[in-house]
> 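Just passing along the structure, written as structure tokens.
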Amino acid sequence: MSAPSLTPSKADAPRPSLPPEAVPAPADGRFARSLRRNLTAHGFLIGAVLCFGVFSWYPMLREFLLAFQKTEDGRTTWVGLDNFDTVVDDPAFWQAWGNTALFTVLALVLGFAVPFLVAIVINEFHHGQGYLRLLVYLPVMLPPVASVLLFKYLYDPGYGLLNELFTSLGLPEQQWLQDPDLSMLAVVIASTWMNMGGATLIYLASLQSIPGELYEAAELDGAGLLRKIWHVTIPQTRLILSLMALMQVIATMQVFVEPFLLTGGAGPEGSTTTVVYLIYQYAFNFNNYGAAAALGLLLLVLLAGFSAVYVKLSRAEDE
């Protein structure tokens with residue numbers, strides 16, 4: 001009779017254990033985890049959709065309906081295009097569109113170009129950029145009413161600091177907010193100072209992403225400051241410049257706060273009456289919500305058309 005072997009057989013050897021994550025989970029467990037993950041994601045998504053629906057989409061739908069309705073004595077009736085006829089026949093209609101277009105053009109000249117130039121200057125500083133960024137963005141952090149009242153004090157024809165500066169330089173004093181030829185320019189200057197901080201920081205971030213080798217190559221070719229800006233800076237920031245131009249147009253076409261607080265809305269001889277201020281007049285002074293909605297719908301269609309043209313041109317350039 002042979003002695004029993006002390007070496008364990010393969011059948012008796014312990015099997016290697018798999019790590020817990022390598023063990024396939026039961027089908028029910030996988031389904032439960034997937035369900036919890038999807039419910040969490042859809043919960044956040046539903047919250048965002050509800051916020052957009054309540055605060056953005058419903059007001060736009062309500063405005064569209066009001067543009068074709070009229071409410072009298074608590075009764076709402078469909079009037080078709082009567083509200084649009086009322087708005088177009090108003091003498092202030094074309095003046096408001098002209099003033100809004102003028103404000104947009106002036107804001108593009110100042111409010112679009114000045115932040116870009118300021119960002120270029122700040123980008124040239126190798127020390128103290130954090131302080132300069134804070135200094136430029138400070139007006140954005142101020143309440144709009146406080147900023148506008150500050151400029152109203154600067155523009156005052158009696159004791160305003162701006163006229164004091166003009167007097168010290170031997171220049172004639174100006175009626176900044178009382179002169180129809182200067183009132184819109186005064187509003188644009190105030191608006192540019194109030195809102196340029198955000199655009200400047202965006203431009204500065206875009207400038208700092210440009211490779212330094214491009215500027216070095218331009219310097220080797222003998223390019224000066226202006227040629228480097230024209231041939232390097234602007235082409236490298238073309239996308240952000242075009243996007244900011246679109247946002248600038250959309251924002252300036254809806255200007256309301258600055259002319260309303262500086263000149264009372266209409267301004268001297270209606271020189272600062274804008275489309276949004278006219279909407280305000282129809283809704284809250286004339287209680288004609290149908291006309292206000294009709295004018296707002298016209299503005300919405302114009303801005304949507306402008307945005308569509310911009311997107312089409314951008315796609316054509318990319319192709």
> What is the distance from atom CD1 of Ile229 to atom CZ of Arg227, rounded to the nearest 0.5 Å?
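One finds 13.0 Å between CD1 of Ile229 and CZ of Arg227.
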> Given Ile122, which of Val136, Leu135, Leu117 fulfils the side-chain contact (heavy atoms from CB on, under 4.5 Å) condition?
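Checked Val136, Leu135, Leu117 against Ile122; only one passes side-chain contact (heavy atoms from CB on, under 4.5 Å): Val136.
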> Shortest non-hydrogen contact from Glu63 to Leu297?
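Heavy atoms only, the tightest pair is OE2-N, 3.1 Å.
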> Just by modelled atom types, is the Lys70 backbone N or O under 3.5 Å from a matching donor or acceptor in the Asn83 side chain?
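A pair under 3.5 Å: no.
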> Are any non-hydrogen side-chain atoms of Leu162 and Gln174 less than 4.5 angstrom apart?
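Not in contact.
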> Measure the OG1-CZ distance between Thr252 and Phe112 for me, rounded to the nearest 0.5 Å.
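One gets 11.5 Å once the value is rounded to the nearest 0.5 Å.
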> Short question: side chain of Asp156, backbone of Tyr159 - any donor-acceptor pair under 3.5 Å?
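Such a contact is found between Asp156 side chain and Tyr159 backbone.
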> Is a side-chain N or O of Asn163 found less than 3.5 angstrom from the main chain of Glu173, in a donor-acceptor match?
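Checking the backbone N and O of Glu173 against the side chain of Asn163, no donor-acceptor pair under 3.5 Å is found.
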> With rounding to the nearest 0.5 angstrom, report the CG to OG distance, Leu239 to Ser206.
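Reported value, rounded in 0.5 Å steps: 8.5 Å.
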> Measure across Thr104 and Met253 and return the closest heavy-atom pair with its distance rounded to 0.1 Å.
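What the structure gives for the nearest pair is OG1-SD, 3.3 Å.
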> Would a distance-only check, ignoring hydrogens and angles, find a side-chain to backbone donor-acceptor pair under 3.5 Å from Asn288 to Tyr282?
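Checking the backbone N and O of Tyr282 against the side chain of Asn288, no donor-acceptor pair under 3.5 Å is found.
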> Using 30° and 60° as the class limits, which term best fits the ring planes of Phe166 and Trp176: parallel, tilted or perpendicular?
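The arrangement is perpendicular - the two ring planes meet at more than 60°.
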> Measuring from Tyr203:OH to Thr233:OG1, what's the distance to the nearest 0.5 Å?
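Going from OH on Tyr203 over to OG1 on Thr233, the span is 13.5 Å.
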> Between the side chain of Gln95 and the main-chain N/O of Gly270, is any donor-acceptor distance below 3.5 Å?
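Yes.
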> Answer yes or no: is there a side-chain heavy-atom contact under 4.5 Å between Leu134 and Met141?
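When only atoms from C-beta onward are counted, Met141 and Leu134 do touch, with a gap below 4.5 Å.
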> Which value, rounded to the nearest 0.5 Å, describes the distance between Leu65 atom CG and Leu61 atom CG?
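The distance works out to 5.0 Å.
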> Between Thr263 and Ser183, do the side chains contain an N or O donor and an N or O acceptor separated by less than 3.5 Å?
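Short answer, no.
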> For a quick test of reading the model, state the closest non-hydrogen atom pair linking Gln248 to Ala107 and the distance between them.
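Where Gln248 meets Ala107 most closely, the heavy atoms are NE2-O, 3.2 Å.
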> For Gln208, give me all partners under side chain to side chain donor-acceptor pair (under 3.5 Å), at least two apart in sequence or on another chain.
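Partners of Gln208 by the side chain to side chain donor-acceptor pair (under 3.5 Å) criterion, ordered by chain and then number, come out as Gln129.
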> Taking Trp97 as the fixed residue, which of Leu299, Leu102, Thr273 is the one that meets the side-chain contact (heavy atoms from CB on, under 4.5 Å) rule?
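Among the candidates, only Leu299 passes.
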> Given 3.5 Å as the limit, does a donor-acceptor pair link the side chain of Thr100 with the main chain of Val275, or not?
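Such a contact is found between Thr100 side chain and Val275 backbone.
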> As an exercise, state the distance from CD of Glu258 to CE of Met184, rounded to the nearest 0.5 Å.
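So the CD of Glu258 and the CE of Met184 are separated by 11.0 Å.
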> Tell me if a side-chain donor or acceptor on Asn195 pairs with a main-chain N or O of Ser191 at a distance below 3.5 Å.
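Yes.
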> Could you pull out the closest heavy-atom pair between Leu81 and Phe68, with the gap in Å?
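Scanning both residues completely, I find the closest heavy atoms to be CD2-CE2, 3.8 Å.
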> Using only atom types and a distance under 3.5 Å, with no angle test, would you say the side chain of Gln254 pairs donor to acceptor with the backbone of Ile250?
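Yes, Gln254 side chain to Ile250 backbone: donor-acceptor pair under 3.5 Å.
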> Which heavy atom in Phe151 sits nearest to a heavy atom in Ala190, and how many Å separate them?
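Scanning both residues, the minimum pair turns out to be CG-CB, 3.7 Å.
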> If we ignore hydrogens and angles and just use 3.5 Å, is the side chain of Thr272 paired with the main-chain N or O of Ala266 as donor and acceptor?
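Pair found, side chain donor or acceptor close to backbone of Ala266.
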> Hey, does the side chain of Asn285 reach the backbone of Tyr280 with a donor-acceptor pair shorter than 3.5 angstrom?
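It does not hold such a pair.
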> Please report the closest heavy-atom contact between Pro144 and Val257, naming both atoms and the distance.
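Minimum heavy-atom contact is CB-CG1, 4.4 Å.
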